Amino acid sequence: MAGFARALAVGLHGVHGRVVEVEAHLAQGLPGLVITGLPDAAVVQARDRVRAAVLNSGQRWPDQRITVGLGPAWLPKHGTNFDLAVAAAILVASGAAPMVSLDGLVLIGELGLDGRIRAVRGVFPAVAAGAKVGLRRYVVPVGNWSEAALVPGVDVVGRRTLRGVLALLRGEEPPADDDAAEPPAAPAAGHPSGRGAGDLADVAGQEIGRRAVEVAAAGGHHLALFGPPGAGKTMLAERLPGVLPPLGDEAAVEVTAVHSVAGVLPAGRGLVREAPYQAPHHTATVAALVGGGSGLARPGAVSLAHHGVLFLDESPEFSPRALDALRQPVECGEVVLARSGGAVRYPARVQLVLAANPCPCASAAGDRACTCTPTARRRYLGRISGPLLDRIDLRVMLLPVASAALYADLDRPETTEVVADRVRGARLAGAERWGHHGWTSNAAVPGPALRAEWRLSRAITGAAARAVDSGELSARGYDRVLRIAWTLADLAGRSAPDPGDVNEALELRRGLVTA
Amino acid sequence: MSGDTEWIAAERLAWVALSRLVEPGKRSIVAATAGGAHALLQGVLSGARDRVSRSLRARLDGVDPWARAQADIAAAARAGARAITPVDAEWPTDAFAALAPLAEAEQLDVAPPLCLWARGPLALTGAVERTISIVGARAATAYGKHVAGDIAFGLAERGWVVVSGGAYGIDGAAHRGALAGGGPTIAVLAGGVDVPYPLAHAGLLDRIAEEGLLISEVPLGESPQRHRFLSRNRLVAALGAGLVVVEAGARSGTSVTAERAHQLGRVLMAVPGAVTSGLSVGTHRLIRDFGATLVTSATDVVEEVGPIGAAEWATPAADGDPAEWDAAMPPDGARQPDRAALSPPLRAVLEAIPAGRVVTVEDVALAGRLAPTEVRRALPDLRMRGFVRAVDGGYRLTEAGLGPPTFALDRPTPPPGPTRAAESSRAAESSRAAESSRAAVRLPPRALRRASDRTTGAFRDSVQPPFRDAHLESEPDSAPASERARASGPAGRSEPARGPEPAEPRDG
């Protein structure tokens with residue numbers, strides 16, 4: 001007896017999903033299962049997983065020639081999330097459940113040999129892609145239920161076992177161990193990715209560091225923090241996401257999708273609304289930073305930090321190759337990874353924060369106690385390639401701990417809340433000014449626009465122009481000073497920068513004279 | 001005041017009228033207009049018998065010069081252009097200051113222009129503070145055009161205004177490079193500013209008129225004529241702080257421009273080419289025989305001209321009314337950084353800087369009990385004015401920054417705390433500083449004229465800002481030298497003229 005059934009699943013290509021039809025055809029012939037439609041190794045192995053899962057769920061395995069087609073057949077299929085749809089199509093084709101039950105139903109999940117459904121990566125972008133083409137009903141693993149439910153306008157059911165799914169298809173009472181009607185509650189609160197929710201006010205004595213963080217947040221500028229050990233570079237970088245405004249709807253969806261693909265989305269939480277924070281160790285490889293892997297590349301730290309902060313502590317210690325690989329993503333806001341299995345595109349609009357000791361000896365007493373030769377100093381910072389450093393707007397030198405303590409008396413640190421409030425106002429002012437050009441922040445404004453339409457008078461830019469002429473500032477650096485000056489004006493509520501803003505911008509870029 | 005306004009309006013009209021009667025550059029006109037344009041024109045109309053008046057009268061040709069001047073101004077306004085005369089605030093007095101002496105000394109027809117017609121949003125006064133002229137062959141090679149564009153682009157990026165002649169070849173490449181670099185550019189035309197010449201550059205010239213400035217000595221509608229190109233070259237040379245020659249043949253109009261720049265004391269620079277290239281013969285000769293500096297990039301050019309520009313910025317970068325900047329300028333002869341001219345916030349920071357060591361922003365903030373942001377907002381400014389210098393690890397007071405103290409002035413009381421010590425040590429050094437401060441930064445005369453880019457367009461009308469009236473009121477000789485330099489045409493040309501030449505207007 002021949003049989004046929006069609007189920008729906010979603011294939012992922014980076015963060016972009018595409019609905020895949022999973023067809024099963026049962027015919028006379030040598031019993032066996034063939035999967036067609038460019039499956040990768042994981043999909044081919046579904047053959048054995050599905051058979052074991054079906055048998056262990058108490059179902060009969062059809063002793064027929066089974067052909068499973070994944071269409072469109074030209075699209076390469078990856079991963080294990082087709083298992084559930086393959087099993088459902090075979091069972092329906094063999095008459096275990098009515099054909100109509102699969103109409104418009106998307107099934108996503110990996111099967112264990114015992115019939116359990118395991119959570120998979122990328123469920124959020126998969127469901128979002130299905131919703132975009134009008135598919136409303138989804139069955140997903142329980143572990144992915146909450147993230148799938150984040151997509152507006154869809155009807156999602158999470159199931160634990162293949163038996164539970166079969167009951168659903170037959171319209172029977174669900175088995176007692178798999179009858180949840182709601183996604184499981186979130187585990188007790190606790191910050192994901194180990195981010196300490198420290199307050200900016202904790203960083204006492206480092207006024208310049210806090211100011212730089214505020215300016216970086218307000219204008220979307222990349223930031224380099226130089227300073228001796230213990231000066232608070234890491235503390236400052238960790239506090240930058242807290243100062244950044246919460247993600248808007250579109251940004252939140254993008255970030256959630258990348259995190260889902262990477263499998264780092266915590267269960268039971270809504271869309272990612274806080275700016276993400278990634279701080280890879282300096283031994284990170286190119287693949288870890290920008291994404292990679294054989295077959296089809298997976299997102300790297302730069303994509304996981306999309307719309308957030310990528311912090312590279314001890315940046316001169318990173319391999320030059322890894323640092324240079326960041327240049328293109330940082331410039332374009334996305335990374336395109338081409339592999340044999342196809343090219344994928346991941347978003348990578350990050351705010352880069354570099355931290356470095358000013359020299360290899362890194363005396364805690366600060367630069368004045370440095371015992372390095374000038375050559376050694378130069379070579380140390382020279383490890384951060386010029387082109388990358390050139391893209392960094394703000395470069396500040398933090399005070400050594402002793403001076404910071406001295407200065408702490410006078411310092412009146414503001415809390416993250418106060419600063420974030422000012423940053424929000426500044427972002428609004430910037431968005432209002434550049435909005436119709438499509439530039440999202442001051443850091444994104446192209447140089448020619450700063451020098452033509454938004455040109456500032458000579459009386460205002462005098463100090464910066466002089467720095468250019470004396471060779472201290474490159475022409476690109478001049479543009480960066482102007483961008484910072486606009487941010488400073490936004491923070492102060494001025495409609496345009498005044499000479500003081502340009503002066504402060506110069507100071508905030510001065511960082512290391514040798515750099 | 002209204003009497004002055006009237007007087008200026010009449011004088012202005014007279015300059016416009018005269019410019020119709022005299023071919024550009026005629027040296028005889030320098031002496032003739034020493035007493036003002038209005039006086040000369042009145043003389044012409046009432047039958048004065050000197051040679052200049054007679055020849056001007058011959059050119060009147062029965063037309064009422066006043067009415068024609070009015071008509072010229074009205075026509076210009078319709079075409080979006082304006083007249084700039086020596087009594088206008090927009091008149092670049094310093095740029096033209098060397099022309100009259102040169103005309104006298106060398107007996108050359110390089111007199112300053114009588115009137116400039118301008119089309120474009122750029123204010124000429126503000127623009128000519130940081131200008132570089134770039135000229136070269138019309139039949140330029142691809143190499144020459146590339147280099148000209150590249151240098152102009154770099155200059156524009158650094159905030160310099162590029163001046164050229166709007167012609168084919170190097171000129172066009174320079175204008176395009178400057179526009180691409182986001183900077184304004186000035187084209188000095190031989191015909192009227194509404195006459196696109198060469199015609200193929202009509203689009204380019206329109207773009208310059210939108211973002212920069214087209215200027216010409218001849219009224220609107222006049223066609224460019226051969227001799228006018230030569231006299232135009234003196235303006236190109238005069239308007240730039242330096243002249244870059246990119247490509248020039250053995251004999252060319254470019255060499256005239258270069259010669260004028262040399263005579264006017266402008267920095268002469270030349271771009272080398274292949275020794276086998278006929279179009280680099282002129283530039284190589286400039287380097288070999290005329291002391292032109294070899295330049296290959298915008299950086300080279302700025303390095304060569306930079307010191308002038310750099311010194312210019314030692315002036316207050318104040319915001320607001322141009323008159324106030326002038327008031328804040330140190331009087332002529334006392335050209336050290338003037339702490340009395342500092343705004344109170346700047347002065348508070350300066351007073352707080354501990355002497356005798358390298359200090360960071362935080363050190364200054366701590367010493368003066370100031371917000372570090374305030375200190376950062378001031379330090380680059382103080383550095384620009386020569387009170388502090390940047391060193392590795394921070395800032396250090398210069399001699400000028402150390403003293404002499406100006407405590408007698410209406411300064412806020414010195415802040416308590418650590419500043420005291422700093423001040424006493426400063427007092428100890430003040431006598432030494434007083435001696436040396438005389439040798440501090442020297443300002444070129446150009447620095448005495450400041451205008452903001454933001455005043456762009458403000459000078460389109462003939463309305464004069466009040467500070468200019470004051471200068472015209474005073475007796476030119478009683479004003480300090482710097483004021484005299486500013487006080488425009490009549491005073492600038494009052495040097496005794498040796499034997500006034502008859503104005504022999506060229507025909508055609």
Side-chain angles (χ1 to χ4, degrees), chain A residues 205-208 211 366-368 374 397 399 403-404 406-407 409-412 446-453 455-476 478-479 481 488 492 496 498-508 510 512-514, chain B residues 126 129-130 154 156-160 179-184 211 298-299 302-303 305-307 309-310 312-320 325 345 358 360-363 365-366 369-384 390-393 450-456:
Chain A
Q206 290 293 7
E207 188 274 343
I208 185 161
R211 178 73 172 160
D367 245 10
R368 287 171 200 174
M397 183 78 174
L399 295 180
S403 318
L406 192 70
Y407 178 69
D409 284 353
L410 193 70
D411 200 17
R412 276 176 223 87
L450 290 171
R451 276 176 270 118
E453 189 188 347
R455 187 184 178 81
L456 298 173
S457 86
R458 183 112 241 128
I460 292 170
T461 59
R466 171 160 193 186
V468 173
D469 279 3
S470 65
E472 280 170 59
L473 200 61
S474 67
R476 281 179 76 152
Y478 178 73
D479 290 348
V481 166
L488 293 171
D498 66 6
D501 290 329
V502 174
N503 289 341
E504 193 186 350
L506 269 174
E507 282 292 309
L508 289 178
R510 201 163 165 235
L512 283 179
V513 176
T514 48
Chain B
E129 281 166 13
R130 279 164 63 81
E157 269 196 326
R158 289 167 172 78
W160 289 77
L179 291 172
E211 295 176 29
T299 315
V302 172
E303 197 172 289
V305 187
E312 271 178 17
W313 293 322
T315 56
D319 211 350
W325 312 336
V358 177
T360 61
V361 169
E362 286 77 9
D363 292 336
L366 199 59
R369 302 263 140 197
L370 297 162
T373 302
E374 281 310 310
V375 179
R376 261 177 234 125
R377 287 173 63 85
L379 277 175
D381 227 324
L382 292 174
R383 180 185 175 197
M384 190 168 69
V391 291
D392 210 2
R450 309 264 327 154
S452 148
D453 295 355
R454 284 180 308 150
T455 55
T456 300

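Naming convention: chains lettered A, B, ... in sequence-line order (proteins, then strands); numbering from 1 in each chain. The structure presented is a predicted model; accordingly, all values stated were derived computationally and were not measured.
For V375(B), no part lies under 4.5 angstrom from a heavy atom of chain A. With a threshold of 4.5 angstrom between heavy atoms, A390(B) approaches chain A through its backbone and through its side chain. Neither the backbone nor the side chain of L473(A) has a heavy atom closer than 4.5 Å to any heavy atom of chain B.
If you take CG on N503(A) and CE on M384(B), they are separated by 7.0 Å, rounding to the nearest 0.5 Å. Remark: T373(B) OG1 to D501(A) CG distance equals 10.5 Å, nearest 0.5 Å. Atom CE of residue M397(A) and atom CD of residue E362(B) lie 11.0 Å apart, to the nearest 0.5 angstrom.
Annotation: maximal heavy-atom pairing with chain A below 4.5 Å, among G154(B), G181(B), A378(B), occurs at G181(B).
Partners of E374(B) by salt bridge (Lys or Arg N to Asp or Glu O under 4.0 Å), not counting sequence neighbours: none found. In terms of the salt bridge (Lys or Arg N to Asp or Glu O under 4.0 Å) criterion, residue partners of R211(A) (sequence neighbours excluded) are, by chain and number, E214(A), E504(A).
Counting only heavy atoms from C-beta outward, the side chains of R376(B) and I208(A) approach each other to under 4.5 Å.
The pair R455(A)-E211(B) does not meet the salt-bridge criterion, since no charged nitrogen lies less than 4.0 angstrom from a carboxylate oxygen.
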With side chain to side chain contact (heavy atoms under 4.5 Å, CB included) as the criterion, how do E207(A) and V361(B) come out once you've worked through the C-alpha distance, each side chain's angles and the decisive distance to 0.1 Å? CA-CA 10 Å; E207(A) 188 274 343; V361(B) 169; 5.9 Å; no
